[in-house]
Number of protein chains: 2
Amino acid sequence: MSTRESQRVPPKRRPFGDVGVVVDFSAVAADAGGTPDAAFIGLDRRKTSILATVVYEYIATGEPVGSAMLTQKYNLGVSPATVRAEMADLEEEGYLDQPHTSAGRVPSDLGYRYYVDRLMLPETVTQEERDRIKTEVGRASRQLDSAADHASHVLSNLTKHIAFAIAPRLDGQSYRHVQLIWIDVRSVHVVLVTNVGVAAQTTVETSEDVDPDRLTRACNNLNRHLVGHRLSDITFEKLNQLSAETPLPSDLVRLLAGLFIEQSEAHVERRLFAGGAHNLLDQQEFRDLRKLRAILDLLEEQRSLYELLQESLSTKGPKVSIGHELGNADMSECSVVTMPYKVANRNAGAVGVLGPRRMQYAKLIALVTYMTERLNVLFQGEFFES
Amino acid sequence: MSTRESQRVPPKRRPFGDVGVVVDFSAVAADAGGTPDAAFIGLDRRKTSILATVVYEYIATGEPVGSAMLTQKYNLGVSPATVRAEMADLEEEGYLDQPHTSAGRVPSDLGYRYYVDRLMLPETVTQEERDRIKTEVGRASRQLDSAADHASHVLSNLTKHIAFAIAPRLDGQSYRHVQLIWIDVRSVHVVLVTNVGVAAQTTVETSEDVDPDRLTRACNNLNRHLVGHRLSDITFEKLNQLSAETPLPSDLVRLLAGLFIEQSEAHVERRLFAGGAHNLLDQQEFRDLRKLRAILDLLEEQRSLYELLQESLSTKGPKVSIGHELGNADMSECSVVTMPYKVANRNAGAVGVLGPRRMQYAKLIALVTYMTERLNVLFQGEFFES
DNA sequence: CATTAGCAGTCCTGACCTTTGAGTGCTAAT
DNA sequence: ATTAGCACTCAAAGGTCAGGACTGCTAATG
C-alpha cells in the first residue's frame with residue numbers, strides 16, 4: 001500500500017537522495033535482510049520511514065521537525081496530514097516527543113534507540129580519518145597509558161565531541177621485565193614491561209634507605225624468577241618471598257604488588273584519559289550553562305566515565321547508550337558510544353565518545369570501531385621473540 | 001584635610017574594617033613606607049583611597065561600583081558628590097572605566113595595575129592550602145613532568161581558576177644516568193635521570209633492529225662517559241662519537257640528543273600542563289560563550305600560555321599581567337599571575353594562574369609564590385651523594 | 001476507508017514598548 | 001572645597017502584540 005503510494009508520485013528529486021538520508025520507504029525493507037518485517041517490530045513500514053526521516057533530519061538540523069517540512073524536503077509522496085497522523089501515533093507509542101503543542105517532533109530515547117538498532121545505515125571512515133588515527137596510535141608506540149591518551153585526543157578531535165579511553169588492564173598480560181632505577185637513597189623509579197609494552201612507570205619514595213647495588217641485585221632476582229608469569233598470577237606472597245632473598249624496601253614491594261595485582265580501584269584517575277570538553281560549547285543543546293556545568297563536573301570526577309567503559313568491557317561490538325539509558329540524570333541529554341579493545345586477544349580496555357543525543361551515531365560507531373581496531377593491532381601480539 | 005574629614009565623623013563601623021578592605025584614607029600613607037608620597041604618583045591621597053576601594057569592591061562583587069554605595073558601605077566620610085567628582089577625575093586619568101553613562105565605575109587595566117603595584121596588602125596562604133600544596137607536590141616525587149602536572153592541578157583546585165605550569169628545563173641539570181630498556185627488536189624505552197630526578201621517559205621506535213645485549217653495553221658506555229656532565233654540554237657529536245664505540249640505532253641517538261639539547265621548541269605540548277578550564281564557567285565575565293570559546297581555544301593551543309611562562313623565567317618574583325598587557329586580544333579580559341621556580345638555584349620552570357581581570361591578586365600571588373617555594377625545595381639540591 | 005484539504009487553535013519567538021532604578025554630571029548654595 | 005538637589009541617561013526587566021510554524025480535528029473525497 002504505502003509502498004505503492006510512494007512510487008505512484010513521480011519524485012521531482014530522488015527520494016531522500018539529495019539530503020543523503022539513510023532510508024526510504026522501499027529501501028528499509030531491503031535493508032532489513034532476510035525477513036523484511038523483522039525490522040518493523042511494532043511499527044509498519046511507513047511509520048518506520050517517517051521515524052527514520054525525523055531522526056535523520058533532527059540530527060542534521062537540531063530543529064524539531066514538522067510534517068509540512070518533512071513531506072516537502074523529503075518528497076514523501078503523502079500529505080502533511082497523513083504524516084501528522086503517523087507522527088501522533090509514533091508519539092503515542094513513545095518514539096517521538098513534542099517540546100510543546102505547536103512545535104514539531106523530536107526523537108525520544110526510544111526513537112533514537114530504534115533508529116540506532118534497526119534503521120541507520122553504517123557509515124565509513126574516510127582515508128584522512130584513518131590516517132590520523134593510525135599515525136596517532138602509532139606515535140603512542142608501546143606505552144600503554146600513552147596509547148589511551150592519544151586515542152582520546154585524536155578521537156575528540158575527529159568527532160568534535162568528548163572522547164575518553166582507559167588504559168589496558170594488566171591482568172591478561174605477562175611479566176617480561178622490571179627495571180628498578182636508583183634515584184637517590186630514598187627514591188626508586190620503577191618501569192614495568194610486559195609482553196605488550198611499557199605498562200607502568202612510576203617513582204616511589206621509600207621509607208627505608210636503598211642501596212644501589214642491592215637494588216640492582218634485587219631487580220635481577222625479580223626478573224629471573226618472574227619472567228613469563230602472567231601478572232595476575234604474581235601474588236603479594238610471592239613477591240615477599242623473593243624480597244626475602246634480596247631485601248627490598250617494603251614500600252617498594254607493596255607498590256610492585258599493586259602494579260601487578262590490584263589494578264582496578266585505586267587507579268581510576270590514572271587510567272582514564274578524556275579530552276575535548278571544549279567541543280561541548282559548539283553544541284546548541286549545551287547553551288544552557290548549567291547543563292554544561294553538570295557534564296564538566298562529571299568529566300572532572302571521572303568515575304562515571306570510567307564505569308561506562310568498564311561496562312563496555314564485557315561486550316563485544318560497539319555499544320550505544322542513549323539518554324536515560326546512561327542511568328544518570330545529568331547525562332540524560334547525552335549519548336555515548338563505547339567499544340572495548342583487546343590486548344593479546346582479550347578485552348582489556350575501552351574507548352568512548354560522549355556527545356549530545358543528537359549525534360551522528362553511525363559515523364561515531366565507525367570511528368570508534370576503527371580506533372579499537374588499530375589499538376587491537378598495536379596490542380595484539382607478543383612482541384618478544386621468546 | 002581629607003584625613004581630618006574622615007576622623008571628624010565618628011564611624012558607625014570601623015572604616016573598611018568590616019569588609020576587610022585593604023586600605024583606608026590614613027592607612028595608605030603609612031603603608032607607603034619611608035616617603036609617603038611615593039605611593040601616590042600622579043594621584044593624591046583621597047583619589048588613591050577611592051581607587052583602592054573601587055577596585056576592592058569590584059573584585060569582591062563584580063558589579064560596577066557607584067558613588068552612593070561606596071560612601072555608605074565604606075563610611076568614607078565624604079558625600080557621594082565628592083566621590084563622584086574624584087571618580088570622574090580618575091576616569092579622566094585612565095584608572096577607571098564606565099561601562100555606560102548611568103553605570104558605576106569599573107577598574108581599567110591601569111587601575112588594576114596601580115592597585116597591584118602600590119595599593120593592595122599582601123595575602124597569606126592558609127594552613128590547609130599549604131598542606132594541600134605540600135602533599136601534592138610531594139606526591140610528584142622526583143618526576144619532573146609529574147611535578148608540573150600536579151602543580152597545575154592543585155593550583156587550579158585551590159584558586160578556582162585555570163592554572164598551568166611548565167616542566168623544568170633540563171639544561172641546567174647534569175647527567176646522572178640513562179636507562180635504555182629493550183622492548184622489542186624495534187623499540188627501546190629510554191629513561192633519563194638527572195641530578196634532580198627523572199627528567200624524561202619515552203619510547204622510541206627504531207628503524208634498525210636492536211640487539212638487547214648491545215643495547216646494554218651501549219647504555220653502560222653512555223653512563224660511563226657522560227655521568228656528571230651538564231646536559232647542555234652534551235653535543236650531538238659527542239653522542240655520535242660514543243655511539244661509534246658501541247653502535248646505537250641512529251633514531252635513538254637523535255632522540256637522546258633531542259632530550260639533552262634541543263629541549264625548547266619541539267616539546268611545547270609535552271612540557272605544558274594546564275588544568276581547571278571548567279572553573280571559567282563560574283565567572284560571570286565568561287557568560288558570553290564566545291569569550292569562553294576564545295579562552296578555551298587558547299588553552300587548547302597552548303602556545304600562548306607557554307610563552308607567558310617563558311617570559312616569566314627571566315623575572316625573579318611573581319609577575320602580574322593585566323588585560324591588554326598580555327598582548328592578546330582574546331585575553332584582554334583576563335589577568336595572569338606567573339612565577340618561576342628554580343632547579344638547583346636557577347630558574348628552570350614556571351607556574352601560573354589565569355583568570356578574569358577581576359581576580360584576587362594578592363591571594364593568587366601568595367598561592368603561586370608558595371607553590372614555587374615548594375617546587376624550589378623539591379628541586380633544590382643534588383640528591384645524589386657524589 | 002484511508003487520505004487529505006481546510007481550518008481553528010496553540011504557543012514559541014522576536015520586536016517593540018514602558019517602567020524602574022541605579023547612577024551620573026551639573027549647578028547653586030553653603 | 002564640598003554638597004544637596006535635580007534633570008538626565010541607560011541597561012535591565014517586564015509586558016504586549018503580531019507573526020509564524022506547528023498541531024489536531026473534521027468533513028469531504030477517490
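Chain letters run A, B, ... following the sequence lines, proteins first and then strands; every chain starts at 1. Computed from heavy atoms alone, side chains included, the values below leave out hydrogens, waters and symmetry copies. A quick note: this is a predicted structure, and the numbers were derived from the prediction, not measured.
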Filtered N/O pairs between nucleotides 10-17 of chain D and protein, under 3.5 Å:
unit_1	atom_1	unit_2	atom_2	d
D:dC10	OP1	B:T101	OG1	3.2
D:dC10	O4'	B:S102	OG	3.1
D:dC10	O2	B:S102	OG	3.1

Under 3.5 Å between N/O atoms: give me all the protein pairs with nucleotides 28-30 of chain D, atom names plus distance.
none

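Rounded to the nearest 0.5 angstrom, B:E86 CD and B:S67 OG are separated by 12.0 Å. Rounded to the nearest 0.5 angstrom, A:L96 CG and A:Y58 OH are separated by 11.5 Å. For the atom pair B:L298 CG and B:L308 CG, the distance stands at 8.5 Å (nearest 0.5 Å).
Going from atom CE of A:M87 over to atom C1' of C:dT3 covers 17 Å, rounded to whole Å. Between the CD atom of A:Q72 and the P atom of C:dA5 there is a distance of 14 Å, rounded to whole Å. What separates CZ of A:R45 from P of C:dA2 is a distance of 18 Å, to the nearest Å. Rounded to whole angstrom, the span from the CD atom of A:E91 across to the C1' atom of D:dG24 amounts to 11 Å. As rounded to whole Å, 16 Å separates atom C1' of D:dC22 from atom CG of A:D97. Computed from coordinates, the B:D44 CG to D:dT2 P distance equals 10 Å when rounded to whole Å. One atom, CG of A:D89, and another, C1' of D:dC25, lie 14 Å apart when rounded to the nearest Å. Put simply, CD1 on B:I50 is 15 Å from P on C:dG23, counting in whole angstrom units.
Using a cut-off of 4.0 Å between Lys/Arg side-chain N and Asp/Glu carboxylate O, B:E285 and B:K291 are scored as not salt-bridged.
In terms of phosphate contacts, B:R84 brings no side-chain nitrogen or oxygen within less than 4.0 Å of OP1 or OP2 of D:dT3. For the pair A:R105 and D:dA21, the criterion of a side-chain N or O lying under 4.0 Å from OP1 or OP2 is not met.
Side-chain N or O atoms of B:R113 include one that pairs as donor or acceptor with a backbone N or O of B:V320 at under 3.5 Å.
Searching all strands for a Watson-Crick or G-U wobble partner of D:dC8 with both distances below 3.5 Å returns C:dG23.
Here D:dT3 is the nucleotide among D:dT3, C:dT3, C:dT24 with the atom lying nearest to any side-chain atom of B:T82.
Within 6.0 Å of CD in A:E92 there are 12 or fewer heavy atoms belonging to other residues, nucleotides or ligands.
When A:L280, A:I162, A:I295 are each tested for a side chain to side chain contact (heavy atoms under 4.5 Å, CB included) with A:C334, only one passes: A:I295. None of A:Y115, A:Y114, A:Y56 except one satisfies the side chain to side chain contact (heavy atoms under 4.5 Å, CB included) rule with A:L51; the exception is A:Y114.
No side-chain N or O of A:S335 forms a donor-acceptor pair with one of A:Y112 less than 3.5 Å apart.
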